[in-house]
Amino acid sequence: MTIMKAIGVTADHQLIDMTLPKPAASSNQVLVQVDAVSVNPVDTKLKEMVNAASAPKILGYDAVGKVVETGEEVTKFKVGDRIFYAGSTQAAGSNAEYQLVDERLASLAPRSLTAAEIAAIPLTALTAYELLFEKMQFVGKANQNQKRTLLIVNGAGGVGSIMAQLAHWAGITVLATSSPKNFDWLKQNNVDHPLDYHGDLLAQIHALGYASLDGIAILYRPEDYFDLAAELVKPFGHIGSIVGSPVDLPLYKIKNKAASFDWEYMFAKSDADNDVNSQGKTLQLIARLLDQGVLTSTLTRALTDGINAASLTQAHELVSAGKIHGKLVLTGGFNASSEGRSEAK
C-alpha cells in the first residue's frame, strides 16, 4: 500500500501530521499531486467545527498541482496537466500530498505564474466572480458596465483584492475600504477610490460625488455596514455579502428601493451538486485573464519551508488574527520542515 503525508484536524481542533493511504481516482475524479496551498478564513472556521465523528479532517480549499491519475469518466484533463481549483467541503481537502478532485471544479492552471501565485487565486476568484456576476447581476464581460459603481467593504482582503480587479475588468468604477496603510495595495488592485474605514464612509463617498451606488459588497461584519449600504444602494441595486451575521439584518430598509440582498457561498454549488461545471469554466476565464496580465495574483506572503502541521498552524494563526492582506500561501513539499519560515512577496 502506498502512503502519503497529510495534515489533519483533531477533535480538539489541533493540526497534526499524518500518513494515510494514497487515494485512487475513479469516475470523474482526477488525482492531483499538490504543489502549493493557500489558507482562507473558511479553513479556520471549519477547523472549529471538527468533532469526534469527523476527525481527523483534512482541510484546504485552494491548490495547484499535477494530475497523476484520472478516473475512467474524465474527459477534461490528462496525466501531467497542471491544474488549479478550490475543491469541495464534501471531500478531503488540499492539505495532503495527493488529493482527489471532481474534474468539473478545476481548470488548467495559468502558464505564466509560479505555484504560489496560482494557489492564492481559486477560492477568492470564484467567490468574487459569483457575487459580482451571478448574484449582483453586473455583466461578466470586459468593459460592459460603464458608469456603474461598486463599493467593496474590506477591499484589502483576499476576496476584496481580486473582486476589485474583476470589477475593473468589467468596466465598473470601484470604491473600496481599508486602513490607509493598505491604500497602495488597493490601487495596485485597480481600486479607483480608496476609503478609510476608520472615518465617515458616507461623507467620504458623497465627497467623491456619488449620491448612490449600484452595488455594495460587504466582505466584513455585514451587521456593521448594512445601514450604510441601505442608504447608498440605488433603486433596484444590490447589496451582497460573503460573511454571515449573528443578528438579523434590517432588510426592510431596502424594501422601498426594490433593492436585493445577495448571499454568496462559493461551496453552495458543490454542496448541492448544482451547476458545478460552472466553477471550472470560471477558473478557465480567470486563468486566461491572469496569463494576459489583466488580473494579477493577490499573493502577499508565503511560508516556504514545507506544508506541515507546524507551518499550517502558523498560517491559521496569521489569518485568524487578520494580519494578512491579500493571500497567504504554503509551499515547499509536505512535511519538509517544521520551521514555517516566512517570506513576504
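In what follows, residues are counted from 1 in the order of the sequence shown. It should be emphasised that the depicted structure is a prediction, and the values quoted were computed from it without experimental measurement.
Closest approach of A109 and I118 over heavy atoms only: CB-CD1, 4.1 Å. Residues A115 and D35 approach most closely at CB-CB, 4.4 Å, considering heavy atoms. Shortest non-hydrogen contact noted between A287 and L108 is CB-O, 3.7 Å. Minimum heavy-atom separation, H13 to E48: NE2-O, 3.1 Å. Between T149 and F138 the shortest heavy-atom distance is O-CZ, 3.8 Å. Here the closest non-hydrogen pair linking P21 and M4 is O-CE, 4.1 Å.
Side-chain atoms of N190 and V174, non-hydrogen and from C-beta on, never get closer than 4.5 Å to each other. The side-chain heavy atoms of S88 and L105, taken from C-beta on, include a pair separated by under 4.5 Å. Contact of the K5 side chain with the I307 side chain is not registered, since no non-hydrogen atoms from C-beta on lie closer than 4.5 Å. Looking only at side-chain heavy atoms (C-beta outward), M136 and L150 come within less than 4.5 Å of each other. Using a 4.5 Å cut-off on side-chain heavy atoms (C-beta onward), V64 and L113 make no contact. Looking at D17 and I7, their side chains come closer than 4.5 Å, going by heavy atoms from C-beta outward. At least one side-chain heavy atom of P180 sits less than 4.5 Å from a side-chain heavy atom of H198. Looking at heavy atoms from C-beta onward, Y197 lies out of side-chain contact with Y220 at the 4.5 angstrom threshold.
Each of F77 and V276 belongs to its own hydrophobic cluster when Ile, Leu, Val, Met, Phe, Trp and Tyr are linked at side-chain heavy-atom distances under 4.5 angstrom. Under the 4.5 Å side-chain heavy-atom criterion for Ile, Leu, Val, Met, Phe, Trp and Tyr, F261 and V233 are members of the same hydrophobic cluster. Hydrophobic clustering (side-chain heavy atoms under 4.5 Å, transitive across Ile, Leu, Val, Met, Phe, Trp, Tyr) keeps L46 apart from I16. If you chain together hydrophobic residues whose side chains sit under 4.5 Å apart, F226 and I216 fall into the same group. Linking Ile, Leu, Val, Met, Phe, Trp and Tyr residues whenever their side-chain heavy atoms come within less than 4.5 Å leaves Y225 and L186 in two separate clusters.
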Open item on the list: Run the side chain to side chain contact (heavy atoms under 4.5 Å, CB included) test on V319 and D43 for me, step by step, so that the C-alpha distance in whole Å, both residues' side-chain angles and the decisive distance to 0.1 Å come before the verdict.
Closed with: CA-CA 9 Å; V319 170; D43 294 83; over 6 Å; no
TODO: Apply side chain to side chain contact (heavy atoms under 4.5 Å, CB included) to the pair F133 and T282, showing each step before the final yes or no.
DONE: CA-CA 11 Å; F133 305 126; T282 296; over 6 Å; no
- [ ] Could you go through the side chain to side chain contact (heavy atoms under 4.5 Å, CB included) check for L131 and T127 one step at a time?
- [x] CA-CA 6 Å; L131 182 56; T127 300; 5.6 Å; no
Open item on the list: Walk me through whether E97 and N335 qualify under side chain to side chain contact (heavy atoms under 4.5 Å, CB included).
Closed with: CA-CA 9 Å; E97 277 188 289; N335 295 1; over 6 Å; no
Show which side-chain atoms of residues 151-166 pair as donor or acceptor with protein atoms under 3.5 Å away, not counting sequence neighbours.
unit_1	atom_1	unit_2	atom_2	d
S161	OG	A156	O	3.2
S161	OG	G157	O	2.6
S161	OG	W185	NE1	2.8
Q165	OE1	T296	N	2.7
Q165	OE1	T296	OG1	3.4
Q165	NE2	N189	OD1	2.6
Q165	NE2	T296	O	3.1

Exercise answer: donor-acceptor pairs, residues 237-250 side-chain atoms, under 3.5 Å, sequence neighbours excluded:
unit_1	atom_1	unit_2	atom_2	d
H238	ND1	D262	OD2	2.7
S241	OG	I218	O	2.7
S241	OG	V243	N	3.1
S241	OG	V243	O	3.3
S245	OG	E223	OE1	3.4
S245	OG	V247	N	3.2
S245	OG	V247	O	2.7

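Distance OH/Y61 to OG/S270: 9.5 Å, rounded to 0.5 Å. The CD atom of E73 sits 8.5 Å away from atom OG of S26, with the distance rounded to the nearest 0.5 Å. If you take CG on L201 and CG on L195, they are separated by 6.0 Å, rounding to the nearest 0.5 Å. Between the CG atom of L312 and the CG atom of L15 there is a distance of 5.0 Å, given to the nearest 0.5 Å. The CG atom of L285 sits 9.5 Å away from atom CG of L290, with the distance rounded to the nearest 0.5 Å. In this structure, the separation between CG on L123 and CG on D62 is 5.0 Å, given to the nearest 0.5 Å.
At least one donor-acceptor pair closer than 3.5 Å links the side chain of Q144 to the backbone N or O of A142. Within the 3.5 Å criterion, the main-chain N or O of A120 finds no donor-acceptor partner in the side chain of S38. Remark: the backbone N or O of V68 is not paired with any side-chain donor or acceptor of Q33 at under 3.5 angstrom. Judged purely by atom type and a 3.5 angstrom limit, T300 uses its side chain to pair as donor or acceptor with the backbone of H325. A donor-acceptor pair is defined here as one N or O able to donate and one able to accept, closer than 3.5 Å; such a pair exists between the side chain of K76 and the backbone of A106. Remark: the backbone N or O of H316 is paired with a side-chain donor or acceptor of S320 at under 3.5 angstrom. Listed for the N40 side chain is no donor-acceptor partner under 3.5 Å among the backbone atoms of V42. Checking side-chain atoms of H168 against main-chain N and O of V191 turns up no donor-acceptor pair under 3.5 Å. Formation of a donor-acceptor pair under 3.5 Å by the N51 side chain with backbone atoms of A53 is found in this model. In this structure, T114 contributes its side chain and E117 its backbone to a donor-acceptor pair below 3.5 Å.
Sorted by first and then second residue, the salt bridge (Lys or Arg N to Asp or Glu O under 4.0 Å) pairs with a member in residues 100-116 read D102-R104, R104-D273, R111-D291; sequence neighbours excluded. Residue pairs meeting the salt bridge (Lys or Arg N to Asp or Glu O under 4.0 Å) criterion with at least one member in residues 206-219, sequence neighbours excluded, are D214-K234.
Applying the ring pair (Phe, Tyr, Trp, His ring centres under 6.0 Å) test to F236 and every residue at least two apart in sequence or in another chain returns nothing. Looking at residues two or more places apart in sequence or on another chain, you find no salt bridge (Lys or Arg N to Asp or Glu O under 4.0 Å) involving R148.
Side-chain contact of T89 with D271: a donor-acceptor pair under 3.5 Å is present, judged by distance alone.
For E69 and K22, the salt-bridge test fails: no basic side-chain N is under 4.0 Å from an acidic carboxylate O.
At most 12 non-hydrogen atoms from other residues, nucleotides or ligands lie less than 6.0 angstrom from NZ of K281.
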